[in-house]
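One structure is given below, encoded as structure tokens.
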There are 2 protein chains.
Amino acid sequence: MRIAELSRRTGVPVPTIKYYLREGLLPAGELTSPNQARYGEVHLHRLRLVRALVEVGGLSIAAVRDVLGALDDPEKSLHKAMGTVERAVVGTGESPTDEVAHAEARAFVERQGWTYRPHSDAFQSLVNVIVTARELGHESFIAQLDGYARAARPLAEQDLDYALSAPTKDAAMEIVVLGTVLGDAAFAVVRRLARREASGLRQDRAQAEQDCDQAEQDCDRDEQDR
Amino acid sequence: MRIAELSRRTGVPVPTIKYYLREGLLPAGELTSPNQARYGEVHLHRLRLVRALVEVGGLSIAAVRDVLGALDDPEKSLHKAMGTVERAVVGTGESPTDEVAHAEARAFVERQGWTYRPHSDAFQSLVNVIVTARELGHESFIAQLDGYARAARPLAEQDLDYALSAPTKDAAMEIVVLGTVLGDAAFAVVRRLARREASGLRQDRAQAEQDCDQAEQDCDRDEQDR
DNA sequence: TACTATCGGATAGTTACACTGTCCATTCTG
DNA sequence: CAGAATGGACAGTGTAACTATCCGATAGTA
């Protein structure tokens with residue numbers, strides 16, 4: 001297929017596809033003449049993957065390039081590719097150098113029985129979050145993390161099972177990428193749905209106790225319009 | 001305090017603080033003269049909150065404005081404020097109008113015993129995720145969602161308990177905001193830590209079975225440097 | 001073969017966002 | 001009282017992600 005069909009089947013404008021080609025997010029098509037190229041299903045799939053990473057995952061073009069590089073590297077183990085993807089997902093890596101927050105983060109990971117890796121991106125991000133919470137006077141937020149870990153543990157096992165169920169290594173690599181990027185988005189959404197539900201139930205219960213009919217009628221009004 | 005001290009205590013440059021004032025993210029200081037203003041602890045805290053939303057949460061300035069508006073609205077219930085915050089967190093709301101994906105999303109929420117609210121932002125985001133997974137040929141990804149829901153359910157209860165533990169309504173509102181924005185970031189990090197740990201364990205186990213020493217030595221090399 | 005639409009490729013331009021810099025009259029500080 | 005800092009207005013900057021225009025060269029149709 002030619003570039004126009006690639007565009008039609010994905011909804012991505014032709015100039016944008018050309019831009020991705022320039023940026024190395026898409027491999028060049030097979031040249032049939034000096035200025036005619038043909039694209040295949042691989043390009044189609046890759047283009048969709050790029051859009052998923054950009055739109056759902058919110059990755060920058062540069063981050064997408066890194067992720068795709070890891071995907072295409074036949075040397076990389078699943079475990080390592082996971083690291084590359086996660087590095088691309090997290091934002092800018094600052095180093096606040098807050099002793100107390102660092103110690104709290106360390107205590108947390110060790111309490112979970114996890115290895116303390118102070119220079120990993122994930123650990124730095126954790127310190128960042130704790131610093132932010134502390135600056136805002138929410139020291140008790142840290143206590144929430146243990147609950148998070150309790151929820152995250154089976155999820156991590158599930159993610160791995162899913163990735164290892166892939167028939168080929170390439171498929172497994174892609175699942176790791178999507179499991180991270182789509183998975184984060186999906187979990188955030190599911191969490192919101194769960195919270196909305198729980199919040200609604202509790203509000204109803206509180207209202208029943210107070211016999212407050214007035215509040216009930218506009219309970220879910222703001223999410224019905226549009 | 002004056003603007004310079006606000007800047008010093010938060011690390012935010014003075015021109016940026018002026019910009020936030022212009023954009024309505026910070027309330028104006030108390031004017032002591034036609035061109036002198038004084039700022040208090042409220043401004044300091046609000047500025048830190050803005051930075052947290054922007055840097056950790058990745059919100060745009062416009063989204064921050066919306067969130068703060070909900071925070072400052074004394075009429076809003078916790079339940080409603082939650083909706084506003086979540087709307088600010090999600091990206092652009094497209095409408096892919098994919099019948100199959102929509103049906104799958106509906107089946108999922110109803111399987112969870114949740115109310116089917118097809119026009120809520122969360123549901124739309126869910127449809128988006130499913131569409132993306134399907135386009136990429138990962139239909140089985142949808143099966144992962146039930147596991148996500150199992151993990152999200154106690155988390156939602158925990159979030160609510162935490163929010164309702166706040167002494168005042170204003171404090172509860174802020175916890176809702178931070179619980180959403182910081183909470184998403186925190187959970188993503190914790191999930192990564194858990195996955196890294198699980199992946200490492202399995203890789204070790206696999207290596208032990210295969211007695212493959214060569215692979216072991218570079219197992220965690222890529223995360224030790226830098 | 002003519003003729004028109006489309007192609008690939010290169011280059012330049014646009015838009016949106018989040019700041020950042022400059023100016024000036026006024027006010028604080030030593 | 002002198003020199004630094006302030007608030008406020010407004011213009012400028014940098015970056016990221018496209019988007020538009022141009023070109024000569026096919027591709028498809030008649």
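In the text below, chain A, chain B and the rest are named by the order of the sequence lines, each starting its count at 1.
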* To do: Output the single nucleotide from D/dT19, C/dC19, D/dG7 whose closest atom is nearest the side chain of A/R22.
  => D/dT19
* **Rounded distance in Å - CZ (B/R8) to P (D/dA5)** => 14 Å
* Asked: With the threshold set at 4.0 Å, does a side-chain nitrogen-carboxylate oxygen contact exist between A/R51 and B/E135?
  -> no
* Using the six-membered ring wherever Trp is involved, compare the ring planes of A/H45 and B/H138 and label them parallel, tilted or perpendicular (cut-offs 30° and 60°). => tilted
* To do: Report the distance from atom CD1 of A/I17 to atom P of D/dT19, rounded to the nearest whole Å.
  => 12 Å
* Asked: Taking CD1 from B/I3 and P from D/dA9, how many angstroms apart are they, rounded to a whole number?
  -> 13 Å
* Within the structure shown, what part of the strands sits under 4.0 Å from A/L31 by heavy-atom distance: base, sugar-phosphate, or nothing? -> sugar-phosphate
* Asked: Got a salt bridge between B/R8 and B/E5, using NZ or NE/NH1/NH2 to carboxylate O under 4.0 Å?
  -> yes
* Structure fact -> Here the distance between atom C1' of C/dC17 and atom CD of B/E23, to the nearest Å, is 10 Å
* Taking for each residue the nucleotide of DNA chain C with the nearest heavy atom, is it B/I61 or A/E5 whose nucleotide lies nearer the 5' end? -> A/E5
* Asked: Can you tell me if the side-chain N/O atoms of A/N35 get under 4.0 Å from OP1 or OP2 in C/dG9?
  -> no
* So which nucleotide from D/dA27, D/dA5, C/dA18 ends up closest to the side chain of B/R2? -> D/dA5
* Between B/D184 and A/R191, does at least one N-O distance fall below 4.0 Å, as a salt bridge requires? -> yes
* To do: Among the candidates D/dC18, C/dT20, D/dT6, find the nucleotide nearest to the side-chain atoms of B/Y19.
  => C/dT20
* Do any side-chain nitrogens or oxygens of A/T16 fall under 4.0 Å of OP1 or OP2 in D/dA17? -> no
* Over how many whole Å does the gap from A/M1 atom CE to C/dG8 atom C1' extend? -> 17 Å
* To do: Pick base, sugar-phosphate or nothing for B/A62, based on heavy-atom distances below 4.0 Å to the nucleic acid.
  => nothing
* Is the distance from OP1 or OP2 of D/dG7 to the nearest side-chain N or O of B/S33 less than 4.0 Å? -> no
* Under 4.0 Å between a side-chain N or O of A/Y20 and OP1 or OP2 of D/dA17? -> no
* Which word best sums up how the rings of B/F123 and B/Y116 line up, parallel for under 30°, tilted for 30 to 60°, or perpendicular for over 60°? -> perpendicular
* Asked: For the pair made of CG in B/L26 and P in D/dG7, what is the distance, rounded to whole Å?
  -> 12 Å
* Taking CG from A/L6 and P from C/dG9, how many angstroms apart are they, rounded to a whole number? -> 13 Å
* To do: Figure out the NZ/C1' separation between B/K18 and D/dC10, and round it to whole Å.
  => 12 Å
* **Shortest side-chain distance from B/P13, nucleotide among C/dG8, D/dT6, C/dT20** => C/dT20
